Amino acid sequence: MCGIIGYIGPRNGTEVVIDGLKKLEYRGYDSWGIAIKGNPSLSVHKQVGKISDFDDLASLPPSSVAVGHTRWATNGSVTKANAHPHTCCRGKVAVVHNGIIENFQELKQELRSHHFVSETDTEIIAHLIEDNLSAGMHFKDAVTNALTRLEGRFAVVAVSADSKNVVAARKGSPLVIGIGKDEYFIASDIPAFLEHTRDVIFLDDGDVATISDGISFTDFEGGVVHREPVEITWNVEQASLNGHEHYMIKEILEQRSTVGLAVDQDDAKVLKVAKMINEAYGTFFIGCGTAGKVGLVGSYIFSTVAKKHVNAVVGSEFPSYHDFLTPKTLLVCISQSGETADTLEAIEVAKKKGCKVVSIVNVMGSTMLRMSDEYILCNSGPEKAVCSTKVTTAQIALLTLLAYACVGRLEEGKRLLNSVSLKLDVMLDGQYLDEIRFLAKKLAGHESMYIIGRGLNYPMALEGAIKMQEVPYIHAEGFAGGELKHGPIALIEDGTPCIALVANDGVKNEILINALEIKSRGGFIIGISPKDNDIFDFWIPVPDVAIASPIVNIIPIQLLSYFTALEKNCDPDKPRNLAKSVTVK
Ligand code: AGP
């Protein structure tokens with residue numbers, strides 16, 4: 001939520017920052033802004049709307065130092081005044097911020113002699129720094145001291161008209177520094193500067209980086225900290241559209257290879273995590289949104305393959321389980337970004353009880369990964385569309401692999417998942433896409449639809465509903481097939497579209513009966529299944545992959561979501577009200 005990018009170096013920082021903001025737009029797209037350091041002044045430019053719509057770079061002054069921000073509104077509505085950067089009364093200090101300052105009202109009261117122009121929590125940081133500068137502190141100390149006053153999660157970058165230093169700090173929200181030749185990039189996420197460098201330093205919580213013609217690190221108390229760069233493996237092609245119209249379709253199609261890449265792990269690491277699960281007394285799969293549905297499908301996979309009970313809980317609800325936690329409890333946290341605030345809070349709660357934490361994440365260096373005792377990377381490359389697709393199936397594959405590893409059948413698990421990967425490569429051809437596009441034309445006119453599944457595919461019915469909600473804005477709901485007759489079937493009218501997820505498994509006949517119950521009441525049945533059936537009004541074939549059916553069954557719904565969004569003229573990559581990385585609770 002919210003993207004930050006800063007530049008210090010010999011190039012035109014204004015251009016680097018505007019370009020970086022465009023690459024970070026998936027983190028927030030309500031409004032954007034940039035602070036450009038002149039000599040000895042700062043100019044701030046802000047706009048409501050998407051940075052991708054801005055094409056007037058020439059209207060902005062060039063500079064070797066600039067800091068920008070693309071916003072997803074939390075505190076304060078979507079207005080130019082609330083867009084970042086925020087400045088102090090004299091316009092000498094500019095601040096960009098990602099996160100939430102919980103005690104901002106209290107601090108604002110204390111700063112009432114200052115002139116506030118926005119409703120945001122961020123603006124208080126600029127005024128706190130201003131007070132510290134007036135008290136005679138150097139810029140770096142003025143920023144650091146101001147940050148010690150803040151409660152909550154934040155990543156902050158501050159720039160001053162009167163100092164050559166740019167100061168960046170984090171507590172709970174991501175910040176990564178790219179190291180180029182005599183130049184530095186500061187960003188919320190690596191894709192912002194990936195075309196310039198792959199050498200990065202991930203800031204830890206409590207780190208303050210001071211950057212001018214060199215870089216140094218301290219903690220919030222001023223103690224020196226040493227941080228070494230690491231080389232990241234993502235490349236520019238992975239982070240760009242690469243000929244596709246949208247990231248969403250690019251990422252859906254990348255599932256031809258990402259399931260295989262997810263499974264390509266260090267065996268020792270997988271076995272170590274499997275051992276942790278086997279030795280735990282109470283394992284929780286934690287995630288939010290789609291990652292929460294992955295956790296739920298994981299609990300079915302563990303039940304079936306590893307004969308193990310695992311609790312699947314959404315991140316925001318997990319703190320309510322704190323009474324049951326002991327040092328033998330294990331959390332397996334599932335997240336694309338590794339920055340989801342609700343899941344991070346679950347980890348904090350668990351850590352207080354001495355629990356162990358494993359994370360399954362896609363972003364190297366993310367907060368979740370670094371809070372965990374062990375981690376497994378999804379290896380999917382950057383996922384930029386707000387709607388999670390390729391990482392979802394990579395995470396399901398990894399939980400499947402772990403379930404097999406828990407019962408000493410790792411190789412069998414790998415063989416199954418690698419065969420799924422090959423089948424997806426065949427499945428996702430042009431004709432397949434055309435058929436789903438045809439169905440999308442029919443669906444686009446409907447306001448509501450339902451998705452049913454049983455067993456392993458019940459969580460996929462829930463996940464399918466998220467796909468149809470967040471991108472084409474269809475009121476979609478997922479149900480366990482058996483639950484229909486307990487209420488939801490009353491919603492079925494003549495022509496109501498309903499997707500039935502029918503795998504070749506032990507609940508096949510039951511889910512077909514549920515689909516028939518809907519059809520008998522006028523429902524239009526879209527069957528996703530390895531085999532056609534008379535009950536289906538429209539059949540979407542998928543390969544028969546046994547226990548891995550959730551992986552192949554969700555992909556047609558991802559495609560349906562994408563093509564229906566196109567039919568309805570919705571932006572598939574930037575759905576309204578959403579952001580890719582949900583860093584607030
Ligand atoms: C997925 O399509 C959603 N945009 C959303 O539910 C997402 O999965 C959720 O916010 C969790 O994000 P994470 O995987 O980065 O933790």
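Both counts, for ligands and for their atoms, begin at 1 and track the order of listing. Quick caveat: nothing in here was measured; it's all calculated off a predicted structure.
Heavy-atom contacts of Q336 reach the following atoms of ligand 1: 13 (P), 14 (O), 15 (O), 16 (O) (cutoff under 4.0 Å). Atoms of ligand 1 found under 4.0 Å from any heavy atom of C387 (numbered from 1 in listed order, with element): 2 (O). The G289 neighbourhood of ligand 1 comprises atoms 6 (O), with distances under 4.0 Å to a heavy atom of that residue. Listed by number with element, the atoms of ligand 1 under 4.0 Å from a non-hydrogen atom of S388 are 1 (C), 2 (O). For ligand 1, the atoms sitting less than 4.0 Å from at least one non-hydrogen atom of S337 are 13 (P), 15 (O), 16 (O), numbered in the order shown with element in parentheses.
In the model, N457 has a side-chain atom that pairs as donor or acceptor with a side-chain atom of S549 under 3.5 Å. For the residue pair N242 / E237, no side-chain donor-acceptor distance below 3.5 Å is found, with atom types taken as modelled. In this model, no donor atom of one side chain and acceptor atom of the other lie less than 3.5 Å apart for Q336 and S388. Side chain to side chain, Q469 and E477 fail the donor-acceptor criterion of an N or O pair below 3.5 Å. At a cut-off of 3.5 Å, with distance as the only test, no side-chain donor of Y321 or N311 sits close to an acceptor on the other residue. Residues T70 and E25 bring no donor and acceptor atom of their side chains to less than 3.5 Å of each other. Looking only at atom types and distance, the side chain of Q47 has no donor-acceptor partner in the side chain of S31 under 3.5 Å away.
Taking a 4.0 Å cut-off on heavy atoms, V582 registers as neighbouring ligand 1.
With respect to atom 2 (O) of ligand 1, the closest heavy atom belonging to the protein is E470 OE2, 2.4 Å. Among protein heavy atoms, atom 9 (C) of ligand 1 sits closest to C288 O, 3.4 Å.
Both the backbone and the side chain of T290 come within contact range of ligand 1, each with a heavy atom under 4.0 Å. When non-hydrogen atoms are compared, ligand 1 lies under 4.0 Å from the side chain of K467 (C-beta onward) but not from its backbone.
Counting only distance, with no hydrogens or angles, the side chain of E254 and the backbone of S380 share no donor-acceptor pair below 3.5 Å.
Remark: among candidates T340, V386, D342, N362, the nearest residue to atom 12 (O) of ligand 1 is T340, based on non-hydrogen atoms.
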